[in-house]
Amino acid sequence: MSFNLGTAMANKGPSYGLSREVQSKIDKKYDQDLEERLTEWIIAQCGAGVGQPEAGKTGWQNWLKDGCVLCELINSLSSGNKPIRKIQSSGMAFKQMEQISQFLNAAEKYGITKTDMFQTVDLWEGKDLAAVQRTLMTLGSLAVTRDDGTYRGDPNWFHKKSVENKREFSEDQLNEGRSVIGLQMGTNKGASQAGMTGYGRPRQILNNP
């Protein structure tokens, strides 16, 4: 009997080793409160047609797993042409993963950086649902920050992202800036020409002994 028990435990190998420890740490990052907030936002954003997940981590994963809800979400944030033209529920694994990939591609074009993006297996295989939450939180923050009329729900659900203050300059302003920089590089006195030699006259150079 003891042999069979040992064999059973040996067959469990990875579950009792490093992978289980790593998975446990990943699981701890999953936030139940975020799950509720994100669910509420997705339903507000997309409408009741996306349904509602069963409570808990597994129910939330199953709700998003086929990619349909995610594709509806990213489409709802577009005021023009929808980034994903065809959304179709399917029980086939490759179709589900394909739709998740379509969402990820559209989300990247929307402005999410790769470092804030989950991988398809994080959702489909449940490898890291905390990463899925992080991506959706970033998406919500971008939508609130854009403030283009497509966001639905309470804007206080997400923090506005800091927006870089880009200034546009005309060609004349750029040329003027180059002239000032060139003049300052030619002298140590900014725009002043005091002490400069005339054209064609040699500049006196004093060598310290």
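Bear in mind that the values here come from a model prediction, so they are computed numbers and not experimental data.
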What closest approach, in Å, do [X] and [Y] show between heavy atoms, and which atom pair accounts for it?
X: T135; Y: I112; answer: O-CD1, 3.7 Å
X: Q96; Y: S90; answer: NE2-O, 2.8 Å
X: Q61; Y: L123; answer: NE2-O, 3.0 Å
X: V50; Y: C46; answer: CG1-CB, 3.5 Å
X: D66; Y: S89; answer: OD2-OG, 3.7 Å
X: S101; Y: T120; answer: OG-OG1, 3.4 Å

How long is the straight-line distance from [atom2] of [Y] back to [atom1] of [X], given to the nearest 0.5 Å?
X: Q133; Y: W60; atom1: CD; atom2: CH2; answer: 5.0 Å
X: L139; Y: L136; atom1: CG; atom2: CG; answer: 6.5 Å
X: D154; Y: W41; atom1: CG; atom2: CH2; answer: 13.0 Å
X: I43; Y: Q52; atom1: CD1; atom2: CD; answer: 4.0 Å
X: Q45; Y: T150; atom1: CD; atom2: OG1; answer: 6.0 Å
X: D147; Y: L142; atom1: CG; atom2: CG; answer: 13.0 Å

Parallel, tilted or perpendicular: which fits the ring planes of Y151 and F158, with parallel below 30° and perpendicular above 60°?
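Because their plane-to-plane angle is over 60°, the rings of Y151 and F158 count as perpendicular.
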Pair K57, L129 - check side-chain contact (heavy atoms from CB on, under 4.5 Å), show working.
CA-CA 8 Å; K57 186 176 179 181; L129 292 178; 3.4 Å; yes
Could you go through the side-chain contact (heavy atoms from CB on, under 4.5 Å) check for Q99 and Q102 one step at a time?
CA-CA 5 Å; Q99 288 202 141; Q102 285 182 313; 3.9 Å; yes
Does any non-hydrogen side-chain atom of [Y] lie less than 4.5 Å from one of [X]?
X: D128; Y: Y30; answer: no
X: F118; Y: L104; answer: yes
X: W63; Y: I42; answer: yes
X: P53; Y: T39; answer: yes
X: M117; Y: E108; answer: yes

Testing the 3.5 Å rule here: is there a donor-acceptor pair between the side chains of Q32 and E35?
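Note: Q32 and E35 side chains meet the donor-acceptor criterion.
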Heavy atoms from other residues, nucleotides or ligands near CG of N81 exceed 12 (cutoff 6.0 Å)
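No, because the 6.0 Å sphere around CG of N81 holds 12 heavy atoms or fewer from other groups.
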Give a yes or no on whether the backbone of [Y] and the side-chain of [X] come within a donor-acceptor separation of less than 3.5 Å.
X: N75; Y: I84; answer: yes
X: D122; Y: Q119; answer: yes
X: T145; Y: K160; answer: no

